[in-house]
Amino acid sequence: MENIYIAPSERTPEIDFDFVNGKLSIKGEAYPEDASNFFGPLLSSIHKYLQTKPQREVMLDIHLEYFNSSSAKALMNLLKIMDESVEAGARAVVRWHYNENDETMQEFGEDFSEDLRFLRYEMVRIG
Amino acid sequence: MEYSLFDHEKKVIERAEQLVAGLVCDPEEIKACLVNLIDTFRQSYREQHRLIRVSDRQQEQLRLVKEELLVKTKLLERQANAMKTLNEDLASEIAFRRRAEEELRIMANTDALTGVNNRRRFLEIFEDEIRRAKRTGHPLSFMMLDIDRFKTVNDQYGHAVGDQVLRHFAGVLQGSFREIDVIGRLGGEEFGVILPDTSAQNAAVVAERLRSIVESREIKAAGNTFYITVSIGAAQMKAGESGYQLIARADAAMYAAKQSGRNRVEMA
């Protein structure tokens with residue numbers, strides 16, 4: 001699969017999906033004007049990628065400092081897709097990064113992992 | 001391709017609608033569909049909870065930021081108002097000082113009784129005019145004027161009338177010269193006039209005209225009506241001459257006018 005790179009903008013995070021090495025990253029702030037159109041293609045490409053059941057364990061690093069409700073829904077959809085893919089046999093881990101003093105992002109990260117049953121999910125404190 | 005964040009939910013609802021419409025009849029399939037519906041609704045319910053928490057939390061943060069901003073804005077407004085008041089005070093203080101400075105400057109340069117240049121200021125301008133005449137090569141004349149028998153006026157009518165005569169005389173001077181001519185009171189009843197760009201011949205004409213005006217003007221003071229006359233000595237600056245030498249020559253000519261019977265113009 002082709003790698004995806006989207007430079008960060010004022011409203012959207014940096015996207016770096018290195019499918020060749022199984023390293024995916026979402027970093028920055030997320031309040032796109034149209035969250036469906038921003039996240040839709042990304043989610044569907046991750047879904048397709050995991051359906052190929054890559055040899056190596058896929059690692060997704062999420063390090064967001066702010067996101068709006070639509071982006072939150074997109075993140076939940078993403079985690080669900082990954083959880084189901086792992087259930088179906090793929091190997092993946094999600095690492096939720098948050099800054100040391102950012103209790104809000106820490107709590108959101110913990111919240112988002114609640115419904116996961118198969119996906120490995122780690123909280124990473126930065127700072 | 002159109003993306004939606006709610007694809008899954010839409011599909012489940014669609015499936016349930018098919019079920020209700022009777023398109024799905026197999027009991028096993030109906031059961032699976034219902035289970036799916038329950039699962040999806042449960043998940044959706046949890047997601048909604050989570051979203052509301054996210055939203056509430058961020059709204060709370062916004063509210064705090066807004067409160068903080070409001071406090072800061074009020075503080076800034078107070079500071080701005082204080083600065084404005086301070087600035088206004090400063091501006092009026094500056095204006096006051098400028099006025100005071102201007103008044104002081106005028107006081108320092110002006111003869112309080114007559115309003116013409118005082119001796120110090122007159123000599124200052126005189127030096128400037130001499131330098132200018134030397135630089136440009138234009139002629140410069142100087143006139144020394146002394147009111148005749150001023151002591152008699154003072155003795156006869158008193159000092160208040162004497163002061164009035166001086167003011168009257170200064171008024172005549174101010175009304176008789178060009179803008180560029182400079183009038184000063186050099187002391188007592190003695191006045192000087194600098195005539196830039198003026199030769200001795202022209203100075204003589206001007207002096208004679210002035211003498212004639214002074215003699216013709218009636219003075220009314222303290223119930224008395226009388227006339228005064230003036231003796232004038234005038235001279236044109238010579239090449240290489242200093243201001244002091246020019247004044248001395250004009251002064252000598254004025255003295256000669258007095259000696260020759262007063263109410264006269266003498267050229268040096």
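All values derive from a computational prediction rather than experimental measurement. Letters A, B, ... are given to chains in the order of the sequence lines, protein chains preceding strands, and every chain is numbered from 1.
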Chemist: Does a side-chain N-to-carboxylate-O contact under 4.0 Å join B:E47 and A:K80?
Modeler: no
Chemist: Assess whether atom CD of A:E33 is packed by more than 12 heavy atoms of other residues, nucleotides or ligands within 6.0 Å.
Modeler: no
Chemist: Walk me through it: do B:E9 and A:K73 pass the test salt bridge (charged side-chain N to carboxylate O under 4.0 Å, His left out)?
Modeler: CA-CA 12 Å; B:E9 286 87 342; A:K73 171 65 175 158; 2.7 Å; yes
Chemist: Taking B:R46 for the side chain and A:D115 for the main chain, is one N or O donor matched with an acceptor at less than 3.5 Å?
Modeler: no
Chemist: Out of B:L5, B:V54, B:L51, which one pairs with A:M76 under the side chain to side chain contact (heavy atoms under 4.5 Å, CB included) rule?
Modeler: B:L51
Chemist: Checking B:Q48 against chain A: side chain, backbone, both or neither under 4.5 Å from a heavy atom?
Modeler: neither
Chemist: Answer with yes or no whether the side chains of B:Q61 and A:T104 bring together a donor and an acceptor at under 3.5 Å.
Modeler: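 Result is yes, a qualifying pair exists.
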Chemist: Is A:E103 close to B:R57 at the side-chain level, that is, under 4.5 Å between some pair of heavy atoms?
Modeler: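 They are in contact (side-chain heavy atoms under 4.5 Å apart), so the answer is yes.
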Chemist: Under a 4.5 Å heavy-atom cut-off, does chain A meet the side chain of B:H8, its backbone, both or neither?
Modeler: side chain
Chemist: Working to the nearest 0.5 Å, report the span between CZ of B:R50 and OG of A:S69.
Modeler: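 Going from the CZ atom of B:R50 to the OG atom of A:S69 covers 13.5 Å.
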Chemist: Does A:F118, at its CZ atom, have more than 12 non-hydrogen atoms belonging to other residues, nucleotides or ligands within less than 6.0 Å?
Modeler: yes
Chemist: With a 6.0 Å cut-off (strictly less than), is the heavy-atom count around CD of B:E102, excluding the residue itself, greater than 12?
Modeler: yes
Chemist: Check this for me: A:Y5, atom OH, are more than 12 non-hydrogen atoms of other residues, nucleotides or ligands nearer than 6.0 Å?
Modeler: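 Yes, enclosed.
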Chemist: Is it the case that over 12 heavy atoms from other parts of the model lie below 6.0 angstrom from the CZ atom of B:R178?
Modeler: yes
Chemist: Given side chains that start at C-beta, do those of A:F108 and B:R53 come closer than 4.5 Å, heavy atoms only?
Modeler: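 Not touching, per the 4.5 Å side-chain cut-off.
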Chemist: So for atom NZ, which belongs to B:K134, do other residues, nucleotides or ligands contribute more than 12 heavy atoms lying within a distance under 6.0 Å?
Modeler: yes
Chemist: Tell me, yes or no, whether the heavy-atom count around B:R63 atom CZ, taken from other residues, nucleotides or ligands under 6.0 Å, exceeds 12.
Modeler: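 Yes, CZ of B:R63 has more than 12 neighbouring heavy atoms, counting only those of other groups under 6.0 Å.
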Chemist: Tell me whether B:R132 at atom CZ has more than 12 heavy atoms from other residues, nucleotides or ligands lying less than 6.0 Å away.
Modeler: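 No.
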Chemist: Are the side chains of B:Y3 and A:S44 in contact, using a 4.5 Å heavy-atom criterion?
Modeler: yes
Chemist: Has B:Q58 got a side-chain atom pairing as donor or acceptor with A:F67's backbone, closer than 3.5 angstrom?
Modeler: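 Present.
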